[in-house]
Amino acid sequence: MNLSILIPLLNEEESLKELYSWIIKVMQSNNYSYEIIFVDDGSTDDSWNIIESFSNENPNVKGIRFMKNFGKSQALHAGFAKAQGDVIITMDADLQDSPDEIPGLYDMIINEKYDLVSGWKKKRYDSVVAKNLPSKLFNWAARKTSGVELNDFNCGLKAYKNTVVKNVEVSGEMHRYIPVLAKNAGFNKIGEKVVIHQARKYGETKFGMDRFINGFLDLITIWFLSRFGKRPMHLFGLLGSVMFIIGFLLAFYLGIDKLLIHKTSRLITERPHFYLSITSMIIGTQLFLAGFLGEIILRTKSNEGRYKIAREVNF
């Protein structure tokens with residue numbers, strides 16, 4: 001199978017029929033063998049019924065319905081697990097991503113041998129203050145922190161080699177950082193393609209300003225996980241040991257000073273350095289224990305389901 005088109009969605013009943021017709025037109029004009037996977041992330045409108053109608057008339061259309069809203073990352077994770085195409089294309093359901101970009105993305109994966117290609121909405125139709133400027137700041141921070149040179153981490157229109165999605169674990173709200181996760185997994189040929197950004201035609205965006213705050217917090221998380229996720233003791237153990245040694249040496253100096261040099265001076269507990277040394281040793285011990293507990297958790301964690309599926313069609 002050439003392509004898997006993966007579309008996570010939440011309450012997009014107004015745009016689904018137009019999007020579906022557009023995708024089918026592109027698939028037929030390029031003679032692709034394909035599947036379209038809609039992942040309904042707990043919609044409360046008529047989105048699921050529309051998806052079921054598509055699947056009844058076209059066996060290439062498949063659907064996954066969550067029991068409630070679990071988030072875009074979980075929707076992508078569920079779709080990635082089911083995708084069978086050589087190339088997986090992800091796109092949003094709000095018609096801001098153009099299906100006409102699919103052939104170009106597909107060719108970059110198949111002919112130019114990219115592992116992952118991310119869309120870049122160079123010209124945007126969003127609010128400059130509310131979205132464009134925060135997005136540019138966010139993308140700059142992501143580039144500097146991750147080392148992945150992309151201009152638009154947030155773009156939902158991306159293409160992946162099948163082996164990439166099968167080896168990348170998407171959780172929490174890490175869908176923004178799939179290119180970083182792919183790089184950490186050993187997929188180094190990551191490209192970018194300028195794509196058309198269309199103004200939203202129906203409804204309202206499901207994301208507010210809080211996504212940028214959450215994005216920066218997730219960026220810190222992924223930076224930590226990429227470097228110390230498998231060995232937290234390397235960070236916490238090192239910091240804890242340094243703090244403890246500093247505190248111990250200071251306490252040792254205070255003890256020698258009291259016992260051998262200034263025997264008749266004020267009590268050792270009246271000196272502020274004593275409390276600094278005790279605090280340093282306590283913090284060092286806590287950091288060391290944090291690293292130790294992190295190691296234990298990594299070795300005993302279980303892979304619990306992060307989402308609950310209510311229904312599936314055509315799988």
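For Glu101 (side chain) and Ile196 (main-chain N/O), a donor-acceptor pair under 3.5 Å exists by modelled atom type. Using modelled atom types, one side-chain atom of Asp94 and one backbone atom of Gln96 make a donor-acceptor pair closer than 3.5 Å. At distances below 3.5 Å, at least one donor-acceptor pair connects side-chain atoms of Ser47 with backbone N or O atoms of Glu12. The backbone N or O of Tyr275 lies less than 3.5 Å from a partner atom in the side chain of Thr279, making a donor-acceptor pair. With Asn69 contributing its side chain and Gly42 its backbone, the two residues share no donor-acceptor pair below 3.5 Å. At least one donor-acceptor pair closer than 3.5 Å links the side chain of Ser280 to the backbone N or O of Met243. Counting only distance, with no hydrogens or angles, the side chain of Lys166 and the backbone of Ala81 share a donor-acceptor pair below 3.5 Å. Side chain of Arg65 to backbone of Val39: no donor-acceptor contact under 3.5 angstrom is found.
In this structure, Asp107 and Glu112 have side chains that are not in contact, with every pair of non-hydrogen atoms separated by 4.5 Å or more. In this structure, the side chains of Ile50 and Lys17 come closer than 4.5 Å at one or more pairs of heavy atoms. Annotation: side chain of Leu76 is in contact with side chain of Ile178 (closest heavy-atom distance under 4.5 Å). Using a 4.5 Å heavy-atom threshold, the side chains of Pro99 and Met91 count as touching. Contact annotation: the side chain of Ile109 approaches that of Val117 to within less than 4.5 Å [non-hydrogen atoms, C-beta and beyond]. At a threshold of 4.5 Å between non-hydrogen side-chain atoms, the residues Leu6 and Val165 do not count as touching. No side-chain heavy atom of Tyr20 sits under 4.5 Å from any side-chain heavy atom of Ile51. The shortest distance between side-chain heavy atoms of Ser43 and Leu9 falls below 4.5 Å.
Surrounding CE of Met1 are more than 12 heavy atoms belonging to other residues, nucleotides or ligands, all under 6.0 Å away. Residue Lys25 places its NZ atom among 12 or fewer non-hydrogen atoms of other residues, nucleotides or ligands, all under 6.0 Å distant.
Smallest separation of non-hydrogen atoms from Ala93 and Leu19: CA-CD2, 3.7 Å. Of all heavy-atom pairs between Pro179 and Lys158, the closest is CG-CE, 3.9 Å. Leu150 approaches Gly191 most closely through the heavy-atom pair CD2-O, 3.7 Å. Residue Gln74 comes nearest to Phe70 through the heavy atom pair NE2-O, 2.8 Å, listed as atom of the first residue, atom of the second, then distance. Of all heavy-atom pairs spanning Asn30 and Pro103, the tightest one is ND2-CG, 3.6 Å. Summarising the geometry of Lys183 relative to Val148, their closest heavy-atom pair is CD-CG2, 3.6 Å, with the distance given to 0.1 Å.
Considering Leu105, Ile5, Asn2, Ile110 in turn, Ile110 is the only one that fulfils the side-chain contact (heavy atoms from CB on, under 4.5 Å) rule with Val87. Here the options are Glu169, Arg176, His175, the test is side chain to side chain donor-acceptor pair (under 3.5 Å), and the partner is Ser73; only His175 passes. A side chain to side chain donor-acceptor pair (under 3.5 Å) with Lys121 is found for exactly one of Asn154, Asp152, Asp97, namely Asp97.
Following chains of ILVMFWY side-chain contacts shorter than 4.5 Å, one cannot reach Leu289 starting from Phe244, and the two form parts of different hydrophobic clusters. Following chains of ILVMFWY side-chain contacts shorter than 4.5 Å, one can reach Phe274 starting from Tyr253, so the two form part of one hydrophobic cluster. Under a hydrophobic clustering in which Ile, Leu, Val, Met, Phe, Trp and Tyr are joined whenever their side-chain heavy atoms come within less than 4.5 Å, directly or via other members, Trp22 and Ile89 fall into the same cluster. A single hydrophobic cluster is seen to contain both Ile282 and Leu254, as judged by linkage of ILVMFWY side chains at heavy-atom distances under 4.5 Å, directly or through other members. Under a hydrophobic clustering in which Ile, Leu, Val, Met, Phe, Trp and Tyr are joined whenever their side-chain heavy atoms come within less than 4.5 Å, directly or via other members, Ile246 and Met281 fall into different clusters.
For the atom pair Asp92 CG and Cys155 SG, the distance stands at 8.0 Å (nearest 0.5 Å). The CZ atom of Phe66 sits 11.5 Å away from the CG atom of Leu10 when rounded to the nearest 0.5 Å. Between the CG atom in Leu157 and the NZ atom in Lys193 there is a gap of 8.0 Å [rounded to 0.5 Å]. Considering CG of Asn58 and CG of Asn60, their distance stands at 4.5 Å, rounded to 0.5 Å. Taking CD1 from Ile37 and CD1 from Ile88, the interatomic distance works out to 8.0 Å, rounded to the nearest 0.5 Å. Separating the CZ atom in Phe54 from the OG atom in Ser21 is a distance of 7.0 Å, to the nearest 0.5 Å.
Side-chain contact check for Ser53 and Asn56: no donor-acceptor pair (N or O, by modelled atom type) lies under 3.5 Å. Inspection of the Glu52 and Trp48 side chains reveals an N or O donor paired with an N or O acceptor under 3.5 Å. There is a side-chain donor-acceptor pair under 3.5 Å between Glu35 and Ser4.
Pairs of residues two or more places apart, or lying in two chains, never qualify as salt bridge (Lys or Arg N to Asp or Glu O under 4.0 Å) while including a residue from residues 41-50.
Aromatic rings of Tyr32 and Tyr106 (six-membered ring for Trp) have centroids within the 6.0 Å cut-off, being under it. Ring-centre distance between Tyr307 and His77: below the 6.0 Å cut-off. Taking the six-membered ring where the residue is Trp, the centroids of Tyr160 and Phe187 are separated by 6.0 Å or more.
Evaluation of the salt bridge (Lys or Arg N to Asp or Glu O under 4.0 Å) rule for Glu192 yields no partner, not counting sequence neighbours.
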Test log, rule side chain to side chain contact (heavy atoms under 4.5 Å, CB included), inputs Phe236 and Leu293: CA-CA 10 Å; Phe236 292 110; Leu293 291 173; over 6 Å; no
Residues Ile23, Tyr34; criterion side chain to side chain contact (heavy atoms under 4.5 Å, CB included); working and verdict: CA-CA 10 Å; Ile23 293 174; Tyr34 69 94; 5.8 Å; no
Side chain to side chain contact (heavy atoms under 4.5 Å, CB included) assessment of Tyr114 paired with Ile190: CA-CA 6 Å; Tyr114 280 96; Ile190 298 173; 5.9 Å; no
Derivation of the side chain to side chain contact (heavy atoms under 4.5 Å, CB included) call for Phe252 and Leu250: CA-CA 5 Å; Phe252 183 77; Leu250 183 55; over 6 Å; no
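Residues Glu312 and Lys82 are paired through a salt bridge, judged by an N-O separation under 4.0 Å between the basic side chain and the carboxylate. Between Asp115 and Lys189, no side-chain nitrogen of the basic residue sits less than 4.0 Å from a carboxylate oxygen of the acidic one, so the salt-bridge criterion is not met.
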